[in-house]
Amino acid sequence: MDYTTEEQAAYDDYNSTAKVTARKLVQIKEIRLQKLKATDWMSASDVTMPDYIKTWRQTLRDIPANHTNESAYNLLLARNSDGELTNSIWTQPTS
């Protein structure tokens with residue numbers, strides 16, 4: 001069954017490069033927010049956040065400014081066969 005003209009237009013719009021890229025950026029920002037929230041407790045006044053965590057958190061906050069196109073987004077969203085993100089930017093450093 002073929003799409004109606006309106007359905008085809010909606011499909012084409014949804015799958016436009018700009019919209020696909022925008023959805024990828026939303027995914028990246030959601031992942032980034034999860035990572036930042038996981039270390040928010042370290043910013044409490046009675047905890048000293050290690051410099052390497054401060055640097056990593058700043059790197060996460062800088063993602064939208066430093067990664068600005070779909071190919072960069074694809075690298076950030078790459079996953080292994082277990083579904084885990086493979087880009088090292090997502091890995092919380094241990095020291």
Side-chain angles (χ1 to χ4, degrees):
M1 181 172 185
D2 293 334
Y3 288 135
T4 65
T5 304
E6 293 82 18
E7 290 170 334
Q8 185 65 50
Y11 176 84
D12 292 343
D13 180 56
Y14 181 81
N15 290 302
S16 70
T17 301
K19 296 243 174 133
V20 169
T21 301
R23 285 193 301 274
K24 288 179 181 181
L25 181 57
V26 168
Q27 285 180 300
I28 289 165
K29 287 181 176 181
E30 288 172 356
I31 296 165
R32 178 188 67 169
L33 182 59
Q34 291 172 355
K35 301 290 184 180
L36 289 170
K37 283 182 176 181
T39 56
D40 276 349
W41 65 272
M42 291 183 189
S43 64
S45 62
D46 62 339
V47 176
T48 302
M49 185 182 295
D51 286 340
Y52 66 90
I53 294 293
K54 289 178 187 177
T55 301
W56 179 63
R57 287 173 55 93
Q58 185 61 52
T59 300
L60 293 175
R61 287 191 296 272
D62 291 342
I63 286 174
N66 294 335
H67 301 82
T68 58
N69 60 45
E70 188 171 7
S71 63
Y73 298 164
N74 290 338
L75 291 173
L76 289 169
L77 294 171
R79 294 180 181 268
N80 63 20
S81 60
D82 294 328
E84 299 165 345
L85 294 163
T86 58
N87 194 296
S88 62
I89 202 167
W90 302 120
T91 305
Q92 181 179 330
T94 56
S95 61

Is it true that a side-chain atom of W56 and a backbone atom of I89 form a donor plus acceptor pair closer than 3.5 Å? yes
Taking C-beta and beyond as the side chain, do L33 and K37 meet within less than 4.5 Å on heavy atoms? yes
As an exercise, state the distance from CH2 of W41 to CE of M49, rounded to the nearest 0.5 Å. 8.5 Å
Look at the side chain of S43 and the backbone N and O of D40, then say whether any donor-acceptor pair between them is shorter than 3.5 Å. yes
Straight-line distance of E70 CD to R23 CZ, nearest 0.5 Å: 10.0 Å
When L76, L60, L85, V26 are each screened for side-chain contact (heavy atoms from CB on, under 4.5 Å) with I31, the one that passes is L85
Lys/Arg N to Asp/Glu carboxylate O, D62 vs R32, below 4.0 Å: no
Gap between atom CG of L25 and atom NE2 of H67 - 0.5 Å precision: 11.5 Å
Identify the two heavy atoms, one from A65 and one from T68, that lie closest to each other, and give their separation to 0.1 Å. O-CG2, 3.5 Å
Check whether any side-chain heavy atom of Q58 sits under 4.5 Å from a side-chain heavy atom of K54, and report yes or no. no
Between the CG atom in N87 and the CD1 atom in I63, the distance rounded to the nearest 0.5 Å is 8.0 Å
Other ILVMFWY residues reachable from Y11 by side-chain steps of under 4.5 Å: Y3
Shortest non-hydrogen separation from N74 to K24 and the atoms involved: OD1-NZ, 2.5 Å
More than 12 heavy atoms of other residues, nucleotides or ligands under 6.0 Å from CG of D82: is that the case? yes
R57 to L36 - nearest heavy-atom pair and separation: NH1-O, 2.9 Å
